[in-house]
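Every chain is numbered from 1, with letters handed out A, B, ... down the list of sequences. Excluded from the calculations below are hydrogen atoms, water molecules and symmetry mates; all remaining heavy atoms, backbone and side chain alike, are included. Only a predicted model underlies this, so the values are computations on that prediction, with no experimental measurement involved.
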Amino acid sequence: MAIFKKEKLEKLQSQNRQEKKHTILIVDDEENNLNVLASVLGMSYNVIRAINGAKALAVINEMPKDQELSMVISDQRMPEMTGVELFEHLSHTMPDTMRIIVTGYTDVKSIIASINQGQIYQFVVKPFERVEFLMIVKQAIKTYELKQERNNMRSQLKNQLSECKQSHVVKDKKLEAAFAVLEASGLQSESQRIQKIQE
Amino acid sequence: MDKKLLIIEDSKPIAKIHRHIAKRIGLQATVAYSYAETEQVLNDSQDFFCAVIDYSLPDALNGEAIDYVVEAGIPVIVMTGMTSNEIRDAILKRPVIDYIPKDNKQAYLYLQQLLTQLMRNEHIKVLVVDDSVVSRSFISNQLCRHNYNVYEAEDGVDALKVLDEHPDIKLVLTDQQMPNMDGITLTTRIRQSRSKEELVVIGISGTNDASLTARFIKNGANDYLHKPFCTEEFNCRLMHNIQYLENIETIREQTKKVEQRNRDIAVLSEIGRQITATLDLEQILSQVYQHVNSLMDAYIFSIGLYRPEQELIEFKLSIQGGVRQAEYNMSMNDQNRLAVWCITNCQEIIITKSQEGLRYVKTILKPLSGESTVSLIYQPLLVQDRLIGCLSVQSLQTDAYKDHQFDMVRTIAASAAIALDNAEAHRKLKDSQNQLVMQEKMASLGTLTAGVAHEINNPTNFAHVSAQNLEVDLQRFQTFLYELVVDETDEEILDSFKRKFDPLFKHLATIKDGTGRIKGIVKDLQAFTRHDMAGQKKVKIVECLESTIKLVQAKYRETAEFVTEFSVDPKIECWPAQLNQVFMNLLVNACQAILIKQQEIGKAHQGMVMVKTLKNKGEVVISFTDNGCGMDSETLSKLFEPFFTTKDVGEGTGLGLSISFGIIQKHKGEIVVESILSQGTTFSIRLPYTGIDAQARRSGI
């Protein structure tokens, strides 16, 4: 008699299959750290890896236009380009993307630099606790989503505004046409009165 | 009691001179200006050592006074202004010591010499050897008149016997022709054991044999006299020979003194060498005592070090009857203490009799330590002009110390001062060296951790997080597996699944524990390099202490009673969070020490932790005292070293006190510890009122 049944497996797999809405880029010169981060985040997010700052920029460039990058998590101490330097760059090119620094080196200077130059969302000290880290990431994603929502609403507002404007133009034209008809009909005093009202 | 001299002289100025001479050589003079007065004086007392008589007096023109005094049995020296031969003969016919013509000043000098000689002669023993009773007693009389201590012998054999009985006889006068043993043989025999410098032998003979003189001299006699001799010549020769002996004696004594002095110098320089060879205070103290004690009666011996800043004398060494006494301090305000006088005036004190101390102080107090003594020496300890303390040697006896011993104490004090000063300088040097080493250790540890922390944090991080990932995944896998199994699966199978999973979770827990611990160590290490100036505030120290004590009390209420005594509560510019960390550290350590002691001797031990604040010249001193298990000197010496711990592996990182040390240093303060094994420990923190100075603030930001 079989212990496992295929139907159960399918059912379970369909349950576990979550829709991953967000993409996170992780940057660390240490392969092991990348593995660890990937497995912490992989369950809930799409994860892209980069082994250093330059690679990270390259990865971002190659990304399809329609794919959004919700967050970049980077190590601070890396050869050639530090996490803060990378973030300083990204804060100009993609300001909405959330930036989190992970570092084993806690000196005041790098914290201040990461806040001021890299405009980071959070500073995480290694070694961290999985649960805490996931919380931070979740919060950051929430913030990102709020930002996105704000952006969407803003553009919606814009669209509505331009639609309004458009309808105004149409209405104006209709009015003008109506006036022309009125003038032509010779009701001058009457039309003058209407004009006054309009003014 | 001085000897008495009778002066019979009608001239007052001359009497005055005589009186002056008597006084100079230590005689008590009585003057009679006439024969009549002489009678009165002698009626009262005849106890005179000698009389100096003027030949003619107004009421006794022809020397009647001389006869009168001689009859009274008093040796007489005649002074006369008349120098005629008749008078000279008339005088010398009488049994007088000498006669002196007072024609010039020389006469008085001669008188003085003669009197001195007479006084000395009393102690000089002379042996007269002659078989003829007449001639023997003639010579003896002459000698007696000159106050010599006279012995007689009738021949050589008898003489040797007397010499054996009285080995201190200084002079032998011997006749040549005698039965049994003649003079020359006697001389030869004497010379076998006694040299010319030890015993003077003068040969006497009545024969006209000129070769006899030579034979006497060649056989060892010092001199030779021919009978019958002129008494003046006899006296002069005698005096001459005795002076010779005395000169030799003086030379010998001087040589002895020089030798003694040389020995002293050698001993002292050896002592000086030994004392200054060590830099160890205890060794110096005990060596100084041993040397002083070997040279004199040091029933009480003490060495006090002067501490001007505390206004007291710290008696580091105090010994009574060879037993070391407890150390004690003497206040410099105690004006009635000899040691205070010695230090204040920077002068030695020498007291040889009781009550002599009143020359220095108003009242003689009972000593702070030990018995009251009679003979005392206090010697200031000086290095160049710098006063470092005092040394004292005391005895219960009166007049316990001689001149050369004072000198020795002075010399030893000088050496001791240098040695003690060196030891003090060495101690200071060592202290600052230790502090430097400690600071160096801290600094290098700081640099090390700054670099290493990052390196360790990375692998720790992925190990730590991986373990957590694995745990999550494993749990998911377990859940997945259970949900996958069909509902009617055997319980046994499910149990076997569980049994397989349990150890896996245990392994993971172990890994997590390990990485967690590494995380803790690195975090502690980073406390060294933390440069955050944040949180710097001006706070009341007592508030910090009270809040920390409350926290610790919550956990250790059962272990110890907490007693506080806050005599000051200054506001100090500091990092309160960091100071609290230090306080917490010390308090927890104190409680743990008490717990250890309670484990050792049972719960009955009432634990107590005392926290005090004190003011001390621009500083606040915060002390934490416990009555716990204490520490041995080895533990004490390593206490602030990073990673040094007495706790079991895993219970402490050995960084707590190192971090505390670093924090206090950052506050420009100092932390010191005193501890007695199995009695308790006191940590004292000194913090300057000024708080963190400007420099620290700059370098921090």
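One distance of note links OG1 of T103(A) with CG of N457(B); it measures 8.0 Å at 0.5 Å rounding. Here CG of L34(A) is found 11.0 Å from CZ of F462(B). Values are rounded to the nearest 0.5 Å. With rounding to the nearest 0.5 angstrom, the NZ atom of K126(A) is 3.0 Å from the CG atom of N458(B).
Counting heavy-atom neighbours within 6.0 Å of M135(A) CE, excluding the residue itself, gives a total of 12 or less. Enclosure of atom NZ in K55(A) is not indicated, since only 12 or fewer non-hydrogen atoms of other residues, nucleotides or ligands lie within 6.0 angstrom. At most 12 heavy atoms of other shown residues, nucleotides or ligands fall within 6.0 angstrom of atom CD in E492(B).
Using a 4.5 Å heavy-atom cutoff, the side chains of P459(B) and N32(A) are not in contact.
Checking side-chain atoms of N461(B) against main-chain N and O of F128(A) turns up a donor-acceptor pair under 3.5 Å. A donor-acceptor pair under 3.5 Å is formed between the side chain of N469(B) and the backbone N or O of V36(A).
Contacts from residues 470-478 of chain B to chain A, taken as heavy-atom pairs separated by less than 4.5 Å, involve V472(B), D473(B), R476(B) in sequence order.
Of the charged side-chain nitrogens involved, at least one lies within less than 4.0 Å of a carboxylate oxygen, so that E129(A) and K519(B) count as a salt-bridged pair.
Both the backbone and the side chain of L481(B) have a heavy atom closer than 4.5 Å to some heavy atom of chain A.
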